[in-house]
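Let me begin by presenting the structure, written as C-alpha cells, before commenting on it.
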Amino acid sequence: MVQVNEKLTKDLAELSKLELTPGELQEFTKQLSQIVGYVETLQEVNLKELNLEPQGLANSSPGNSGGVLREDEEKASLLDSEGKPAVLAAAPDVLNDAFKVPPIL
Amino acid sequence: MIQSIREIHDSFDRGEKKPSALVAEYLARIQASPLNAYITVCADRALRQAIRADEVLLKAGKVPRSGQPLFGIPVGIKDNLALSGVRMTCASKVLENYIPPYSATAVERVEAAGAITLGKLNMDEFAMGGSNENSAFGPVLHPTHPDRVPGGSSGGAAAAVRANLCVVALGSDTGGSVRLPASYCGVVGLKPTYGRISRYGLVAFASSLDQVGPIAANVEDTEVLFNVLAGHDSRDSTSLLSEVTAPAAPFSIAGLRIGVPAEYFVEGVASEIRTAIHFKLQLLESQGARLVPLHLAHSRYAVATYYLLAVSEASSNLSRFDGVRYGVRPQAAVEAGELGAFYRATRARFGAEVKRRIILGTFALSSGYVDAYYHRASQVRKLIQRDFAQAFSEVDVIASPVAPATAYKLGERSDDPLQMYLNDIFTVPANLAGFPAISLPSGEDAAGLPIGLQFMAAHSNETLLFGLARQLEQSLKEERS
C-alpha cells in the first residue's frame, strides 16, 4: 500500500509541471490518499489464471483491431492558404510568420 | 413547449415560421436565461446561417428532403469541439482566448446537414467532472431546480436542450459525460460505440474512452442527430470502418432479452430510482420482453479501473498545454527565464480538478507505480470487457440506472472527489468496453427531479437501442395520456 504524503504529492506536481499552493498541497495529499486507497481494490483481482497479455493500452482499447492506416496524401497546409492569419493568431506569441517559443537551452 | 425537429420542419413547410425567426427566438431565450449554459454565443454567425436557410426555403417552398435532416435546426456545441473561427475554451483559463482555425468533423457534419450553430456550451473544464461545477466560466444551473447541478461534464448541453436553448446538442462522453447530465436534466443522451463518431477536432481528455454523443429532448431527434454524426473519417485513426449493425427486422419488443445485473440494483441506489426502473422494465416485460437476471463479476472494479486509465491518458494529453503552442502565455511565464518555471506559470491556469487528475495520472504512470496501477487497470479493463461480451451473448440489451441518485445540490460534493467519482459506477463500463449506451428519462422522484434509465447494447447496436428507446418513450406517453 502506497503512502501518499506531501513529499510524494510535491514530487508528482513537479513531474507534472504544476505548482501547488501550500493549501492545495495539503488538500490534494488528503484527496489523493483517499483515491489511491480506493483504487487499491484492483490489487485483489486475480490476473494470473486469465492469461492476459502483460500490458498495453493498444490491447485493451476498444475499436478497430490492429489500427487503421491510410494513404499519405499531399494536401495544402493551413499555413499555405488564407488560414495563415488564423493559425498565427492562435499562437501565444509570434515572430514574423512563426510561433515564438521560449529558449530551451 | 419544446418542438421536435419534425414539428419545426412542418412549420417551415407550412410557411408558419422561417429559420431566421426561429433562430431569433432561441437567441432571445439564451440572452434571458440564468442557467449559464453557453460560454460563447455566436449570434451574428447564426443569423447569417439562418438568412441563407430562409432563402433556400423561399426558393424551394419547403424543407429540402435530401441531405438536410437538420435544415434550419438550432444546435448547441459543447465547448470542447472546434468550430472554425469561434473561440473554444474547454471551460478552461488555459484556452481562454483560443480560436481554432478548423472545425471538428462532427461539427462540419452537423452544419453540412443544415443545422444552425447557436454557440458553444458550458462544461466541466476539459470534460473532467460530473456536475459542471468545474468550469472556469462558472457552474451551469439545473434547468428546473436551479439550486442543483445539471450533471456533467456536458452540463451546458443537457441543460440547454431541456430549457429549449437549442433543439439538439453535441456533447462528449468519456465516462458518462453525455448520459449523466441527460439523466439529471430529463433528456435523451447517447454514448455511441467507440469510433462511431469522429473525434477529429474534439479536444482529447482520455483518448481510448472519449466519444462524441448527441443530446436531444426525444428519441427521434437523438437518432436523427446520431445518423448525421456517424461515419468513418480518415482524420481519426480510431474511426470505425464498419457500419452500424442493420437489424434483420424492424424493432419488436416481443422476445427481446433485457439483462438485469444483480450488481446494479443494490442498496447504494436510491429506492425511488430502483422502483422507477423496475416499473419500466415490468412494462416492457408485459409487452413481450424477457427479463434475464445477470451477473457482472468485475463491475465493482469499474470505477477504479476507469479513473486510473482516464487520469493517465489525461496527464499525457494535457501536457500539450504548456504555453508554447496554445492559448494564453502569462507574462509571469515570459519573465520566468527558466523553462520549468515557464511551464508552471502557464499551467497554473488549470482548475483544481484538472490539476488533481494530472497529478493522479502522473502517479499511475510513473516508474515504480506503473505496473501496480496503470498496467493493472489496463488488464482489469480486459476482464470487464469479457464480462460484458459474455453478457451480450446471453441478452440483447442490459438495463441499469444512469446514476445512483438524482441531481444533487450545488457545492454539496465539491470537497469530495472520490464521492463524485463513485457516481459514475453505471456509466463507465460502456467507455471501458466501447459499446453504445443510451440514457432515457424515466419519471421523477418525489422532489420532481428526473430519473434516468440506461440501456446498453453490444458494439454497433445503436439501432437496437433506438428501437427499444422509442418503444419505451411511446409507452410512457400513452400511459400519461
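Convention: sequence-line order gives letters A, B, ...; per-chain numbering from 1. This is a predicted model, so every value here is computed, not measured.
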Taking all non-hydrogen atoms of both residues, which atom of [X] and which atom of [Y] are closest, and how far apart?
X     : Y      : value
A:P92 : B:G323 : CG-O, 3.4 Å
A:S16 : B:I359 : OG-CA, 4.0 Å
A:A90 : B:Y98  : CB-CE1, 3.6 Å

Could you list the donor-acceptor pairs under 3.5 angstrom formed between side-chain atoms of residues 95-105 of chain A and any protein atom two or more places apart in sequence or on another chain?
unit_1, atom_1, unit_2, atom_2, d
A:D97, OD2, A:K84, NZ, 2.7

Using non-hydrogen atoms and a 4.5 Å limit, figure out which bit of [X] sits close to chain A: side chain, backbone, both or neither.
X      : answer
B:S319 : neither
B:A377 : both
B:L422 : side chain
B:A372 : both
B:S315 : neither
B:R196 : neither

Using heavy-atom distances under 4.5 Å, tell me whether [X] contacts chain B through its side chain, its backbone, both, or neither.
X     : value
A:Q31 : side chain
A:Q43 : both
A:A89 : neither
A:L78 : side chain

| field | Passing option when A:L18 is tested against B:V354, B:T362, B:I358 for side chain to side chain contact (heavy atoms under 4.5 Å, CB included) | value | B:I358
| message | Whether the side chain of B:R376 engages the backbone of A:L47 through a donor-acceptor N/O pair (distance < 3.5 Å, no angle test) should be reported. | response |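 Judged by distance alone, no pair lies under 3.5 Å.
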Value rounded to 0.5 Å, distance of [atom1] in [X] from [atom2] in [Y]:
X      : Y      : atom1 : atom2 : result
B:K355 : A:L12  : NZ    : CG    : 15.0 Å
B:L418 : A:L32  : CG    : CG    : 11.0 Å
A:K17  : B:L318 : NZ    : CG    : 15.0 Å
A:T9   : B:R356 : OG1   : CZ    : 12.0 Å
A:E19  : B:R347 : CD    : CZ    : 12.5 Å
B:Y307 : A:Y38  : OH    : OH    : 10.0 Å

| message | I'd like to check A:V36 versus B:L360 (side-chain heavy atoms, cut-off strictly below 4.5 Å). Are they in contact? | response | yes
| task | Would you check if B:Y369 and A:V2 make a side-chain contact, meaning some heavy-atom pair closer than 4.5 Å? | result |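 Yes; the side chains approach each other to less than 4.5 Å.
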| Has A:E6 got more than 12 heavy atoms of other residues, nucleotides or ligands less than 6.0 Å from its CD? |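 Correct, the count exceeds 12.
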| CD/A:E44: more than 12 non-hydrogen atoms of other groups inside 6.0 Å | yes
| request: Considering only heavy atoms and a distance below 4.5 Å, find which of B:Y301, B:F350, B:Y343 pairs most often with chain A. | output: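 So the answer, after comparing B:Y301, B:F350, B:Y343, is B:Y301.
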| field | Side chains of A:E40 and B:Y373, donor plus acceptor under 3.5 Å | value | yes
